[in-house]
S.K.: 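Before I ask anything, here is the structure I am working with.
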Amino acid sequence: MEGGGVLRIHFTAEDWSRLRCAPRPSPVPELHAALLMLGAPHEGLLFGRWRARTARALPAAAEALADLVPGGAPPSFLDVLGETREEGFAAIRAADPELVRSELERVYAGRGPAPAWIRDLHAGGADGWRILAGAQRAAYGAVLAPVWGRVQDLHRAEFARHAVVLAEEGPEAALTALAPGSRLRDGVWEWPGGSGDVRLGGRGLVLLPTFHWRGAPLVQDVPGRPVVLAYPAGPGLPPAPEGPEGPEEALAGVLGGTRAALLRALAGPSTTSELAGALGVSAATVSAHTAALRTAGLLATVRAGRAVHHTRTPVAELLLR
């Protein structure tokens, strides 16, 4: 998968009949998206807590996966789908040995000696594959398993939304709705923030929403297979496990209890002093939290005379729903 500039996806007439949204989430790409997000630049308010919590949860066995991305871009033999975790892992294990060797050589080019287990993987050794399989299972158990039910719910909603737009407005509207600022002209879908040219050549395009990655679209372009484009979807926050307390506490686990409570208290425009009274905190505390929420795009502030009024943004409304 690759993710600045403009990504251009070139369609042929045949590709339009092979455009589809993946009907179900795919565990391995979602796991890899989450792991990439751990190492990517991120907005501190929305992702800082998630990153810290996820990093703490990763067991030592999962640390070997970092050896596969010494430059930040993983080898392409990890680009698989599969409707179950085991199906995806099996597809990685079945990769062409020559592809595994060439991709490991590519990601380590000019980066010094590879760790011993990577060298064993390069040679097709059983120990290398055993370490990779163990690391993947450990990472899945810590990162994705606790939120997989939530990912499935989000995917169903995204699939239904895409299907409605496709049926009512056609493929151009369905594609451009995925990314503000993207456009389709002369059979080329241009997506700002990506890079390069992808020529479908009749293979078709699979749209795969991901609920952990917030960067440029990630493209799987493997010869002989449909091209897969993983795009950021969902409410803008990484999924949080919903314990017995419910989804409100899951949101609090990402934003912090006071900021989540502040958003919930904003049923209508409210002043700083009104929010302070509702939350039982000082006006200075409210001001600090509203500034952070405003920076994250979750809150808007307008001045009315000597007072300021805060309101939730549409993104915040979506998160609270």
Side-chain angles (χ1 to χ4, degrees), residues 1 22-40 42-66 68-69 74 78 80-92 131-159 208-215 218 230-257 259-261 263-264 296 298 315 318-321:
M1 286 190 176
R24 285 168 290 279
S26 192
V28 171
E30 189 72 29
L31 173 61
H32 292 164
L35 295 175
L36 285 173
M37 196 67 205
L38 275 178
H42 64 286
E43 200 287 320
L45 172 62
L46 294 180
F47 284 92
R49 289 173 178 266
W50 172 84
R51 185 181 187 184
R53 185 179 65 247
T54 304
R56 286 195 304 268
L58 277 176
E63 295 174 1
L65 293 177
L68 287 169
V69 287
L78 297 178
V80 300
L81 293 177
E83 293 187 3
T84 67
R85 176 192 64 178
E86 293 305 327
E87 188 177 311
F89 291 164
I92 293 174
I131 291 172
L132 174 57
Q136 289 174 317
R137 288 179 172 81
Y140 178 89
V143 176
L144 211 54
V147 298
W148 187 242
R150 179 64 175 145
V151 169
Q152 291 174 308
D153 290 342
L154 290 169
H155 188 103
R156 280 190 287 269
E158 180 69 8
F159 180 83
L208 180 66
T210 174
F211 305 96
H212 285 85
W213 180 247
R214 307 312 307 165
L218 303 169
Y231 65 93
L237 288 172
E242 294 185 10
E245 299 86 357
E248 290 187 352
E249 282 65 27
L251 180 63
V254 178
L255 292 180
R259 288 171 183 166
L263 284 181
R264 289 195 293 271
L298 301 178
V315 173
L318 180 61
L319 291 176
L320 290 169
R321 288 201 297 271

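Please read these numbers as outputs of a predicted model, since none were measured by experiment.
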S.K.: Residues two or more places apart in sequence or in another chain: which of them pass side chain to side chain contact (heavy atoms under 4.5 Å, CB included) with A261?
M.R.: R264, L279
S.K.: Specify the closest pair of heavy atoms between P29 and L81, including all atoms of both residues, with the distance to one decimal.
M.R.: CG-CD2, 4.0 Å
S.K.: Sequence neighbours excluded, which residues qualify as side chain to side chain contact (heavy atoms under 4.5 Å, CB included) partners of Q152?
M.R.: P25, W148, R156
S.K.: Taking the side chain as every heavy atom from C-beta outward, state whether W50 and M37 have any pair of such atoms under 4.5 Å apart.
M.R.: yes
S.K.: So which heavy atom on A145 is nearest to which on G141, and how close?
M.R.: CB-O, 3.7 Å
S.K.: For A139, check side chain to side chain contact (heavy atoms under 4.5 Å, CB included) against everything at least two apart and list the hits.
M.R.: L31, L35, L58, A62, L65
S.K.: Which residues satisfy the side-chain hydrogen bond (donor to acceptor under 3.5 Å, both in side chains) test with Y231, sequence neighbours excluded?
M.R.: E158
S.K.: Return the minimal non-hydrogen interatomic distance between S26 and G82, and the atom names on each side.
M.R.: OG-O, 2.7 Å
S.K.: I want to check something: taking the side chain as every heavy atom from C-beta on, are H212 and V147 in contact at a cut-off of under 4.5 Å?
M.R.: yes
S.K.: Give me each pair satisfying salt bridge (Lys or Arg N to Asp or Glu O under 4.0 Å) with a member in residues 24-33, each pair once, sequence neighbours excluded.
M.R.: R24-E83
S.K.: Quick one: side chain to side chain contact (heavy atoms under 4.5 Å, CB included) partners of I92, sequence neighbours excluded?
M.R.: V28, H32, F77, L78, V80, W129, L132, Q136
S.K.: List the residues meeting side-chain hydrogen bond (donor to acceptor under 3.5 Å, both in side chains) with E86, not counting sequence neighbours, and say none if there are none.
M.R.: R137
S.K.: Give me the atom names and distance for the closest heavy-atom approach of T210 to A33.
M.R.: OG1-CB, 3.4 Å
S.K.: Which heavy-atom pair separates A22 from F159 by the least distance, and what is that distance?
M.R.: O-CD1, 3.5 Å
S.K.: So, for G215 and P232, which heavy atoms are closest and what is the spacing to 0.1 Å?
M.R.: O-CG, 3.2 Å
